[in-house]
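What follows is a short report on a single structure.
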Amino acid sequence: MSSSSEDTASLYQKHIPIHTRSVKGKFRNFKTAVLVLAYTVYFLLPWLPWHRANGSHQAVLFDLAARRFYLFDLVIYPQDIFLLSLLLFIAATLLFFVTGLVGRAWCGFFCFQTLWTDLFIMIEHWIQGERPARIRLSKQPWGAEKVLKIGGSHVLMIAISFWTAFTFAIYYTDAHQFVIDFLSGNAAQAGYITVLALGFATYLAGGLGREQICIYICPYARFQAVMYEAETLAVSYDARRGEGSKGRVIPIKGLRTQEERHVAGHGDCIDCGFCVQVCPTGIDIRNGLQYQCISCGLCIDACNNIMDSVGYPRGLIRYDSEKNLASAQPEKPQIKWKRLKVVGYAVALLSMIAFMIYTLGTRTAAEVQVQQIRQPLFVELSDGKIRNRYDIHIVNKTEREEVFTIHATGIPEDALSLGHVSEIKARAGKDLTIAAKVDLEHDLAERVHEIKFIITPLSNPQEAIVREVNFSSKQKEHDEKEQDSHD
Amino acid sequence: MSQDKDKTGAVTTTGHRWDDTLEEFSNPLPRWWVWTFYLSAIFTVVYWLFYPAWPVGNTYTIGIPGWNSINYTATQPDGKEVQKSTHWNMRALLAKDMNDLHAKQKQYFDKVAALPYEKVAQDAELMQFVNSAGKTLFSDNCKPCHQAGGQGKITFAPNLIDDSWMYGGSYEKIHQTLTGGRRGFMPAFKEVLSDAQITQLANYVLSLSGDLHDAKAAKAGDALFHGETAACYFCHGADGKGKVEMGSANLADKIWLWVNIPEDKTVESKVADVKNVINAGLNRGVMPNWDTRLKPEQIKLLTVYVHDSLGGGK
C-alpha cells in the first residue's frame, strides 16, 4: 500500500469511506427480499388492529406499564417470564446452528445493522449515482451539487432513522394515541427519549458507522468465528483456480481464453476488482477468510457476473468449506450436517421449540400456587383439633375479571375456612393471595397426609386447577424425626 | 479500510513473537474511536457540574448549586414535616421514593381505617394488603415476644394462631389489648394452702383438661377449687374455663401458656409443674400498650391481621 509508512507512523487509522458498486444476482435478490419482508413486518405490524373483548386493540403491543405483552391472541404476563428465557434460548441455539452450517448468515442477510446499512447505501445510490459517480462527488469541492446530493441523502437517512425509532416506540404504547401525543408535545418523556436516542443511534450506526460497527463494535461478529468448523460453508475464493501457479492477471492480449491462461500458468481471476468494489465492509475476499467478512455473498454475485461475461465457469468465489477447498479433489460444495456440534445444536433447538409449543398449548388462564405456612407448620386448638394454614396465590391471566371458588378434597367439608372473604375476585391480569385454614380432628389429622385444593374459575369450570399440599401434625412430625434419626 | 490495502494482506506487527506463530499485531485504532475517548473526557467535566464528584478534605464538591437539586418533604423525628432542597444525592432520592410509596400505601391504610372490621375481612383484595402490611408491622413490633409466625412461646408469650384467647379474640377485644396493653396476675398460694392441698389442686387442674392425674387427689382438689379458702373459681370460673374480662387462664382446654404440660411425660412432673404456679403465683403476663408507638390505622390493621390472618375469632 502506498500510504504504508504514513499509517505506521500514525497511531490512528483514517476512516476511508466505502462506496460500494451495486450488483445483480441471486444473493442480492435474497438480501432485497429479506429487506422488504423485514421492513414490511417491522414498520406495519404495530398498526395492525386486532379484536379483543378486553384490553388493547393492537395486534402486537408490549405494554410495560400494565405489565402484559399482547401478541395476537396471546397475552403474556410477568409470570410467563419463563417463555422469554425459552425464546432467548431458541434464538441463541438457532444462531449457533445456522452459523455452524453456513457461517455468518445472520450477519450477511438478517442483522438490522446490515439491513439499515443496505437501505442507506441504496439511498446514496439512488440520489448520488453509481460508485464512480459517488467517488467523484466525494472528491469534488463543496458546491451546490455536492451539498444537495450528499445533504439530501443524509436528510433522507435521518428521516428513516427517526421513523425507525418512532416505530420501535409504538410497539410499547397505543400507536394512534402516541402519534397525536407525540406531535402535540403530550407524550411521555420516555417516548421522546426513546425516539431521539434510537433515531440518533440508527443514523449513527447505519448512516455513518456502517462497517465500523461490524468490525470494531459488534461482539457477535467475534464469537461467531469460534462456531466455524472446517466443514462450515463460508464465502470463499478458490485461490487454486483463481491464481494458478503464476497468480492472477488481467486479460491482456494472449491471455483472454481459459486455455491461453492455463498454458501461461495464470488462474481464472482476471483481477477486475469487482468483488472488492461491491463489498460493504470493503475487504478483498481473495485474501481468504477474514473477520471483517459479514458473509453477504455480494462478491459471489459480482464474480459470477464477470465469469459469465468472459465465458469462464461460475463459482470462482462461492460458498464452500475450508476442508473442501483444501482437498485434492474438491467436490461440489454442499451442506454437511452430520457433525456432532451441528446435530447437538439441532437437538437442543428442536427440543426447546417442542417444549415451547407444549408450554403455550397447555397454558391455563389462571395460575395457582398453594403454599403451606411453615412458621409454624401446625397449631393445636383448644379442642384438640390440628390447624394448618395455607397461602393460595391466584394469578388471573385473562383480560377480564374472574371469580374463583376454592374447595378441598379428602377432608370434611367444614374443615376448610377462608375467613370472612366473601368473594374471590381477581381483576384482569392481577393476582390475589387468599389465606386458608384447615382444622382437622386430632385422629383424622394424623391420618391425612395430603390435601387437594381445587381452584375453579367460575366462567370456565372445566379449567379447574388442582394443587396438592401437605398437612402437618404432631405425630407425623415426630415420626419423620424418628425416621431421620434412623437414617 | 483495505480497499486500498496491500494485496498480500500483510499486517504490521510489533515484532514480538511467541511460540513461533503468536504475533502481536500493531493495528491502528480508527480515529473516530479516539474521538469517543475525548468525548467521554468532556462528559466527565459536565458530570462534575451536575453531580457530587471530587473529594475535598472531608467533604466533596456537589456540582453547581441549584443546577441539579432535589426537593422533597422530610419527616423529622418529632413528626414535623419540612421541605428540603439539596444537591443531587442518593439519600434524597430514596427519601423522595419513600414519600411516593407512602402516599400509595396510604390509600390502602385509609380504606382499612374507614371500613368496619367485618367489611375489611370480606374484601379479598384488601385482605391481601392487610396480610402483607400486617406481616411487616407484626415483625417489627410483635415478633420479639410472639415469634415470627405468631406462634408464641410456652412459658413466655401466648400463641396467637390457636383459638384460645385469654382476653377475648373478637376484633374489639384484640384492639383493646393492642391499645391498652395487658397485665396478668395470679397470687401465690404458698402461704395460704398446705403442700398436700396444693398437690390436690394441681391434680384437679390437670383433670379439667383430661390430662394424667390422680383421681382421688383431684376429687379433694375439686372441693378446694370451689371452696372459699383457695377460691380458685373466683377468677377461673366454676367450670375452670377462665374469664375473658380479667384474662384468667382457661384450665379446661388443652392449651397451656405458663407451664409446658404437653411436654411433661409423667403425672409426677405434670403435677410438680402445676404446683409451682400455684405456690408462687404469676406476675409475668405483661403486654405493653401500643397506642403511643403505633398510629391508629396501624393498630386497626394489626387487629384485622391478628384476628383473620392469625387465629382470632373467639
Side-chain angles (χ1 to χ4, degrees), chain A residues 1-4 7-8 10-19 208-209 211-212 215-217 248 271 276-277 279 281-284 286-288 290 292 373-376 379-385 387 389 391 418-427 430-435 437 439 474, chain B residues 1-10 12 26-35 117-132 147-152 159-165 209-210 241 250 252-256 262 304-305 307-314:
Chain A
M1 75 188 105
S2 58
S3 57
S4 170
D7 266 9
T8 320
S10 166
L11 282 171
Y12 308 118
Q13 177 147 40
K14 215 174 149 242
H15 179 206
I16 298 154
I18 294 169
H19 302 286
L208 302 175
E211 83 290 344
Q212 301 282 306
I215 294 170
Y216 293 105
I217 296 176
R248 59 184 91 125
D271 207 9
V276 179
Q277 292 177 16
C279 180
T281 65
I283 57 166
D284 187 343
R286 295 169 299 180
N287 293 339
Q290 294 149 80
Q292 293 97 332
I373 291 177
R374 325 187 105 226
Q375 204 175 26
V379 64
E380 192 171 8
L381 301 182
S382 52
D383 54 4
K385 278 185 180 173
R387 169 178 288 174
R389 294 176 302 151
D391 273 338
L418 301 176
H420 297 293
V421 169
S422 51
E423 193 181 33
I424 303 157
K425 189 158 66 183
R427 283 185 288 150
K430 293 284 179 184
D431 65 336
L432 194 61
T433 304
I434 301 290
K437 292 170 183 166
D439 299 347
K474 212 171 194 171
Chain B
M1 278 312 307
S2 33
Q3 261 188 329
D4 63 348
K5 212 172 189 175
D6 186 348
K7 276 178 186 161
T8 61
T12 15
S26 173
N27 285 325
L29 269 177
R31 202 173 278 278
W32 60 264
W33 190 270
V34 184
W35 275 108
Y117 294 117
E118 288 78 9
K119 290 277 175 215
V120 176
Q122 278 169 16
D123 187 332
E125 229 171 82
L126 206 50
M127 274 312 286
Q128 186 162 259
F129 171 70
V130 167
N131 278 327
S132 60
Q147 310 296 302
Q151 70 267 44
N159 184 330
L160 302 179
I161 50 177
D162 61 20
D163 60 346
S164 164
W165 292 84
S209 54
K241 285 186 174 166
N250 180 346
D253 66 12
K254 294 184 183 303
I255 290 166
W256 296 85
V304 182
Y305 177 74
H307 185 276
D308 287 275
S309 306
L310 302 183
K314 281 195 180 172

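These figures come from a predicted structure and were not determined experimentally. Every chain is numbered from 1 and lettered A, B, ... according to where its sequence line falls, protein lines coming before strand lines.
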Review point. Please walk me through it: do B:Asn131 and B:Ser309 pass side chain to side chain donor-acceptor pair (under 3.5 Å)?
Key: CA-CA 7 Å; B:Asn131 278 327; B:Ser309 306; 2.3 Å; yes
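Both the backbone and the side chain of A:Leu432 come within contact range of chain B, with heavy atoms under 4.5 Å apart. In this structure, the portions of A:Val421 lying under 4.5 Å from any heavy atom of chain B include both its backbone and its side chain. The contact between B:Asn159 and chain A is made entirely by side chain atoms (from C-beta outward), counting heavy-atom distances below 4.5 Å. Of the atoms belonging to A:Ile217, it is side-chain heavy atoms, and not backbone ones, that fall under 4.5 Å from chain B. Looking at A:Lys437, the atoms closer than 4.5 Å to chain B (heavy atoms on both sides) all sit in the side chain, from C-beta outward.
Distance alone, capped at 3.5 Å, is enough to place a donor-acceptor pair between the A:Thr281 side chain and the A:Gln292 backbone. Remark: side-chain polar atoms of B:Asp163 are paired, donor with acceptor, to backbone N or O of A:Ser382 under 3.5 angstrom.
In this structure, B:Trp33 and A:Tyr216 have tilted ring planes: the angle between them lies in the 30° to 60° band.
What you find for A:His420 and B:His307 is that their closest heavy atoms are NE2-CE1, 3.9 Å.
The residue from A:Arg387, A:Arg389, A:Lys385 that alone fulfils the salt bridge (Lys or Arg N to Asp or Glu O under 4.0 Å) condition with A:Asp439 is A:Arg387.
Most heavy-atom pairs under 4.5 Å with chain A, from the set B:Asp123, B:Asp253, B:Leu126, B:Asn250: that is B:Asp253. Comparing B:Ser209, B:Pro30, B:Gly149 by how many heavy-atom pairs each has under 4.5 Å with chain A, the most go to B:Pro30. For the options A:Glu380, A:Arg427, A:Glu423, heavy-atom pairs under 4.5 Å to chain B are most numerous at A:Arg427.
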